[in-house]
Amino acid sequence: MNLVIVLCHLMNKDGVLNEESKLRANLAKKIFFEKKCDFLLTLGHDYRKDSNLPISHSFKNYLVKENLPSNKIFTDINSRDTVGDAIFSRLFIEEKKFFKKIYIVSSDYHIKRVQIIFKKIISNKYSLEFFSSKSKTKIQKIKEEKSSTKAFFQTFKKEDFKSLNTLLLKLASQHPYYNGEIYKSIDIRSLQKIK
């Protein structure tokens with residue numbers, strides 16, 4: 001079976017996706033049909049202080065309006081960044097146990113970091129292919145990507161990436177988006193199931 005994973009970006013307080021998010025979603029939809037995929041996974045938490053809606057749900061709502069079958073779309077509300085996207089994607093893939101080909105979608109300025117992180121975190125027993133939508137990339141975004149890639153290697157430098165549980169523990173204890181420094185800390189024992 002084949003899976004498309006689309007990484008979320010931004011939305012407004014009512015759950016309306018911004019232009020970059022729509023471009024990612026539209027590319028994911030195109031790949032879903034062209035590659036005859038069985039399912040699509042979208043990831044993202046309720047990051048806005050003025051909204052309780054997880055962005056992964058907004059992506060699903062948008063894709064359903066774009067004629068993707070609702071029962072083919074899974075959402076993960078645990079992920080808060082690219083590293084989380086990769087770890088929670090792996091959790092989903094290993095729970096389902098039937099994916100062979102996996103297509104991953106993000107924006108052009110972001111895709112290099114996505115490739116590095118996903119290839120490290122998701123086992124090489126899966127075939128990964130990466131696609132990017134065009135964006136109005138600013139130099140600052142490229143600098144942020146390099147800085148974030150460096151931070152990833154610093155946080156996970158001693159990991160062999162074989163144990164998903166070890167990665168989850170590292171995420172919960174060392175990553176500022178998950179350990180309580182920036183967002184509320186996560187308890188990996190009570191992670192929300194992917195729906």
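Here the side chain of S56 pairs no donor or acceptor atom with the backbone of L43 at under 3.5 angstrom. D108 places no side-chain N or O within 3.5 Å of a backbone atom of S132 that could act as its donor or acceptor partner. No side-chain donor-acceptor contact under 3.5 Å links R48 to the backbone of L53. Looking at S51, its side chain never comes within 3.5 Å of a backbone N or O of D14 through a donor-acceptor pair. A donor-acceptor pair under 3.5 Å is absent between the side-chain atoms of S127 and the main chain of K101, judged by distance alone.
For the atom pair NE2 (H57) and CG (D76), the distance works out to 9.0 Å, reported to the nearest 0.5 Å. Once rounded to the nearest 0.5 Å, the distance linking CZ of F118 with CD1 of I5 reads 5.0 Å. Rounded to the nearest 0.5 angstrom, N26 CG and I31 CD1 are separated by 11.0 Å. Between the CG atom of L23 and the CG atom of N18 there is a distance of 9.0 Å, given to the nearest 0.5 Å. Distance check: T75 OG1 to L63 CG gives 11.5 Å after rounding to the nearest 0.5 Å. Atom CG of L40 and atom CG of N2 lie 12.0 Å apart (nearest 0.5 Å).
By the 6.0 Å contact criterion, CZ on F156 is enclosed, its count of non-hydrogen atoms from other residues, nucleotides or ligands being greater than 12. By the 6.0 Å contact criterion, NZ on K120 is open, its count of non-hydrogen atoms from other residues, nucleotides or ligands being 12 or less. Annotation for K112: atom NZ does not count as buried by contact number, only 12 or fewer foreign heavy atoms lying within 6.0 Å. The 12-atom threshold is exceeded at CG of D160, counting heavy atoms of other residues, nucleotides or ligands nearer than 6.0 Å.
Side-chain N/O atoms of E20 and Y109 include a donor and acceptor closer than 3.5 Å. Donor-acceptor pairing under 3.5 Å is recorded for the side chains of N179 and E181.
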message: Please determine whether side chain to side chain contact (heavy atoms under 4.5 Å, CB included) holds for the pair S133 and V105, giving the CA-CA distance in whole Å, both sets of side-chain angles, and the decisive distance to 0.1 Å.
response: CA-CA 8 Å; S133 57; V105 176; 5.6 Å; no
message: Go through it in stages, so that I can follow the logic: the residues are D38 and L3, the test is side chain to side chain contact (heavy atoms under 4.5 Å, CB included), and I'd like the CA-CA distance, side-chain angles, deciding distance and then a yes or no.
response: CA-CA 6 Å; D38 303 282; L3 172 70; over 6 Å; no
message: If you apply the rule side chain to side chain contact (heavy atoms under 4.5 Å, CB included), what do you find for Y62 with K29, and how did you get there?
response: CA-CA 10 Å; Y62 177 84; K29 172 192 160 187; over 6 Å; no
- request: Let me see the working for T82 and D85 under side chain to side chain donor-acceptor pair (under 3.5 Å), right down to the final yes or no.
  value: CA-CA 5 Å; T82 308; D85 289 341; 4.6 Å; no
message: Let's go through F88 and L171 carefully: what are the C-alpha distance in whole Å and the side-chain angles of both, what is the deciding distance for side chain to side chain contact (heavy atoms under 4.5 Å, CB included) to 0.1 Å, and is it a yes or a no?
response: CA-CA 11 Å; F88 292 112; L171 193 72; 3.9 Å; yes
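One hydrophobic cluster, built from ILVMFWY side chains closer than 4.5 Å, cannot hold both I142 and I117; they sit in different ones. Under the 4.5 Å side-chain heavy-atom criterion for Ile, Leu, Val, Met, Phe, Trp and Tyr, I93 and M1 are members of the same hydrophobic cluster.
Shown here for S79 and G84, the closest heavy-atom pair between the two residues is OG-C, 3.2 Å. Closest heavy-atom contact between L17 and I55: CD2-CG1, 4.4 Å. For A86 against I122, the heavy-atom pair with the smallest separation is O-CG1, 4.1 Å. For the pair T42 and C8, the tightest heavy-atom approach, listed with the atom from each and the gap, is OG1-SG, 3.2 Å.
Side-chain contact between H9 and R24 is present, with heavy atoms from C-beta onward closer than 4.5 Å. Counting heavy atoms from C-beta outward, S70 and K60 have side chains that approach closer than 4.5 Å. At least one side-chain heavy atom of K72 sits under 4.5 Å from a side-chain heavy atom of F32. The closest side-chain heavy-atom distance from I186 to N78 is not below 4.5 Å. Residues V16 and M11 have side chains not in contact (no heavy-atom distance under 4.5 Å, counting atoms from C-beta outward). Using a 4.5 Å heavy-atom threshold, the side chains of K35 and F131 count as touching. Side-chain contact between H175 and R80 is absent, with no heavy atoms from C-beta onward closer than 4.5 Å. No side-chain heavy atom of R113 sits less than 4.5 Å from a side-chain heavy atom of F152.
In summary, the aromatic rings of Y126 and F99 are positioned with their centroids too far apart to meet the 6.0 Å limit.
Of the candidates Y47, Y183, Y178, Y178 is the only one forming a side-chain hydrogen bond (donor to acceptor under 3.5 Å, both in side chains) with D81.
Taking the charged nitrogens against the carboxylate oxygens, E145 and K141 have no contact shorter than 4.0 Å, which rules out a salt bridge.
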